[in-house]
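Quick note: numbers below take in every heavy atom, side chains included, and nothing from hydrogens, waters or symmetry partners. First the proteins, then the strands, lettered A, B, ... as listed; each starts at 1.
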2 protein chains.
Amino acid sequence: MARWQPDARGRLEAAAFELFRERGFEQTTVADIAARASLDKRTFYRLFGDKREALFSGSGRVEEVLVRAVTETDAGPFEAVVAAFRRVAEELFADRLELVRARQAIIESSPELQERELRKSGSLAAAVTAALRARGLDETTATLATESGATVFRVAFARWIAPDSDAPLSDLIAEVAAELRAITSAPNALTSAGPDEPSRRW
Amino acid sequence: MARWQPDARGRLEAAAFELFRERGFEQTTVADIAARASLDKRTFYRLFGDKREALFSGSGRVEEVLVRAVTETDAGPFEAVVAAFRRVAEELFADRLELVRARQAIIESSPELQERELRKSGSLAAAVTAALRARGLDETTATLATESGATVFRVAFARWIAPDSDAPLSDLIAEVAAELRAITSAPNALTSAGPDEPSRRW
DNA sequence: ACGGTCATGTCGCAAAGTGACATCGGCACT
DNA sequence: AGTGCCGATGTCACTTTGCGACATGACCGT
């Protein structure tokens with residue numbers, strides 16, 4: 001028997017991605033995934049904690065880039081986090097709009113996957129906060145900077161994958177960061193702040 | 001047979017809470033919960049979508065208070081959200097520190113429950129954002145205000161349930177909100193800009 | 001060739017959910 | 001009271017998840 005399959009993990013990820021697109025997440029069985037990759041269900045569970053994990057293998061790389069970027073700068077906490085997310089946008093997301101859209105569509109179709117994504121984001125945030133603390137910041141400051149930066153990223157990301165969007169994610173992040181500043185620093189603005197001038201490289 | 005149980009839902013919630021505390025979430029079976037409430041497993045699934053939901057029945061009330069508070073004020077978006085969370089703190093959390101601590105301990109013991117809590121928070125946030133939009137704010141402003149306010153709440157909440165804490169949650173929220181302002185309002189220039197080769201496979 | 005180790009397959013099982021159907025209790029209406 | 005309907009609950013059977021235990025085949029160093 002073909003014991004020793006090259007890149008079993010990668011093949012399972014690919015099979016899962018295809019099947020989730022074809023039939024949807026809930027209509028896809030782990031046995032289906034394994035079958036398409038010519039592997040056994042049990043093998044799947046040895047490589048992935050559960051069915052959802054097959055979609056989230058990339059989060060490790062995101063964490064790497066994020067932590068490295070935050071560690072290697074000496075900008076203010078919030079600025080550092082925003083810059084780190086822009087790094088991620090440039091290194092990991094640019095050029096992959098369609099792939100990211102497809103993946104996001106799958107996630108949004110299933111509550112289970114949404115939950116998992118939230119958890120992944122949470123652990124990413126924890127790692128960034130830890131990196132900030134390693135720079136000497138106190139817990140509260142580090143957490144607030146991380147969460148604010150993550151919020152900026154989420155909003156910018158949503159705009160990026162919107163069907164009519166074409167601006168680079170990195171630019172969108174910079175714009176949204178500026179908007180956040182406007183909101184939190186002016187304790188009386190009753191109405192919204194219009195789309196400000198996109199701050200370039202600052 | 002005893003068809004017709006008074007307050008089946010409440011009894012199942014109580015039974016679940018007890019069992020989760022006694023044996024932990026994963027070691028508790030839905031059949032166990034139902035048995036303690038003298039009901040059938042199938043009945044549990046008619047009242048709750050899944051095992052986790054038994055712990056999250058309170059989120060409905062939180063949403064009510066939040067949305068009402070945000071709707072009935074004309075303060076700036078961020079201020080309105082912070083004030084709304086303070087309302088929640090006063091009306092729903094004050095006087096229940098020990099209960100909340102126990103509940104939080106259960107949640108933190110199980111990744112599954114953490115995911116569910118994240119999702120609940122997310123749908124709460126969506127409701128608040130919608131309420132802000134109903135006041136005429138644009139999507140981005142509403143989202144940023146909601147998320148920032150939620151972050152403030154999370155940080156304050158963590159302090160509140162910390163073992164050595166004794167300040168009222170509502171006060172902690174006000175303090176943390178001030179700290180967030182301090183962080184985001186001082187734009188401190190400095191980019192990341194590192195020559196790095198892009199990694200593959202997000 | 002030998003033994004060890006690692007990746008994979010096979011088998012079986014507890015628990016999560018769910019659909020279909022049965023049953024009981026109260027309720028309205030005669 | 002009698003009848004009949006409806007909603008809440010129980011029962012059964014089933015699919016899927018996820019995992020433990022064990023078997024087996026492939027590769028590796030000696």
Side-chain angles (χ1 to χ4, degrees), chain A residues 1-57 106-107 109-117 119-120, chain B residues 1-57 106-107 109-117 119-120:
Chain A
M1 255 184 228
R3 272 352 139 118
W4 229 84
Q5 299 287 1
D7 194 22
R9 184 176 181 103
R11 280 170 39 211
L12 284 168
E13 279 170 20
F17 192 73
E18 290 169 20
L19 286 166
F20 293 167
R21 280 213 276 193
E22 292 170 18
R23 321 180 192 169
F25 175 77
E26 322 206 339
Q27 286 65 45
T28 301
T29 269
V30 172
D32 294 337
I33 300 172
R36 176 159 307 198
S38 307
L39 289 166
D40 190 83
K41 177 184 133 193
R42 199 66 185 80
T43 298
F44 178 94
Y45 281 112
R46 286 201 190 89
L47 300 179
F48 302 93
D50 57 46
K51 193 171 132 188
R52 294 149 227 127
E53 280 298 306
L55 248 193
F56 292 90
S57 56
I106 296 172
I107 291 175
S109 77
S110 155
E112 265 186 279
L113 290 173
Q114 292 170 37
E115 290 185 350
R116 177 55 49 86
E117 188 182 48
R119 184 166 108 197
K120 290 290 182 187
Chain B
M1 250 182 231
R3 276 298 90 220
W4 204 87
Q5 297 286 5
D7 193 22
R9 183 171 182 107
R11 278 170 39 210
L12 284 167
E13 279 170 18
F17 191 74
E18 291 169 19
L19 285 166
F20 292 167
R21 280 215 277 193
E22 292 170 18
R23 324 179 190 169
F25 175 76
E26 324 206 339
Q27 285 65 47
T28 301
T29 270
V30 172
D32 294 337
I33 300 171
R36 176 158 310 198
S38 306
L39 288 166
D40 191 83
K41 176 185 138 191
R42 200 66 184 82
T43 297
F44 178 94
Y45 280 111
R46 287 204 188 88
L47 300 179
F48 302 93
D50 57 44
K51 191 171 134 189
R52 292 147 231 131
E53 281 297 308
L55 247 194
F56 292 90
S57 55
I106 295 172
I107 291 174
S109 77
S110 155
E112 265 186 279
L113 289 173
Q114 291 170 39
E115 289 185 351
R116 178 55 49 88
E117 187 181 49
R119 184 166 110 198
K120 289 291 182 187

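Among the candidates B:R23, B:K41, B:Q27, the single residue satisfying the side chain to side chain donor-acceptor pair (under 3.5 Å) test with B:D32 is B:R23. Of the residues listed (B:L12, B:L19, B:T28), the one engaging B:R36 in a side-chain contact (heavy atoms from CB on, under 4.5 Å) is B:L19, and it is the only one.
Residue side chain B:K41 does not reach the base of D:dG10 through any donor-acceptor N/O pair under 3.5 Å, judged by distance alone. With hydrogens and angles left out, the side chain of A:R42 and the base of D:dG20 share a donor-acceptor pair within 3.5 Å.
Salt-bridge formation is not detected for the pair B:D40/B:R42: no Lys NZ or Arg NE/NH1/NH2 atom is positioned less than 4.0 Å from an Asp or Glu carboxylate oxygen. The pair A:R119-B:E112 does not count as a salt bridge, with every side-chain nitrogen at least 4.0 angstrom from each carboxylate oxygen. Salt bridge absent: B:E117 and B:R52 never bring a charged side-chain N and a carboxylate O closer than 4.0 Å.
A:D50 places its CG atom 16 Å from the C1' atom of C:dG17, with the value rounded to the nearest Å. A straight line from CG of B:L47 to P of D:dG7 spans 15 Å, rounded to a whole angstrom. If you measure from atom CG of B:L39 to atom P of D:dT11, you get 11 Å, rounded to the nearest angstrom. Computed from coordinates, the B:D32 CG to C:dA16 C1' distance equals 13 Å when rounded to whole Å. Separating the CG atom of A:L113 from the P atom of D:dT17 is a distance of 12 Å, rounded to the nearest angstrom. If you measure from atom CD1 of B:I33 to atom P of C:dG17, you get 10 Å, rounded to the nearest angstrom. Nucleotide D:dA8 holds its C1' atom 15 Å from the CZ atom of B:F48, rounded to whole Å. For the pair B:D40 CG and D:dC12 P, the computed distance is 10 Å after rounding to whole Å.
Within the 4.5 Å cutoff, side-chain heavy atoms of A:L113 are placed close to those of A:F56. Side-chain contact check for A:S38 versus A:R11: some heavy-atom pair is nearer than 4.5 Å.
Not one side-chain nitrogen or oxygen of B:R46 sits closer than 4.0 Å to the OP1 or OP2 atom of D:dT11. For A:Y45, a side-chain nitrogen or oxygen approaches OP1 or OP2 of D:dG18 to under 4.0 Å.
Of the candidates C:dA16, D:dG18, C:dG9, D:dG18 carries the atom nearest the A:R52 side chain, counting heavy atoms from C-beta on. For A:K51, whose side chain is taken as the heavy atoms from C-beta onward, the closest listed nucleotide among D:dG10, D:dT17, C:dA16 is D:dT17.
Contacts with DNA chain C (heavy atom under 4.0 Å) in residues 10-26 of chain B: none are found.
Residue contacts shown for A:R9 are absent, as no nucleic acid heavy atom lies under 4.0 Å away. As judged by a 4.0 angstrom heavy-atom cut-off over every strand, B:A31 is placed among residues making no nucleic acid contact.
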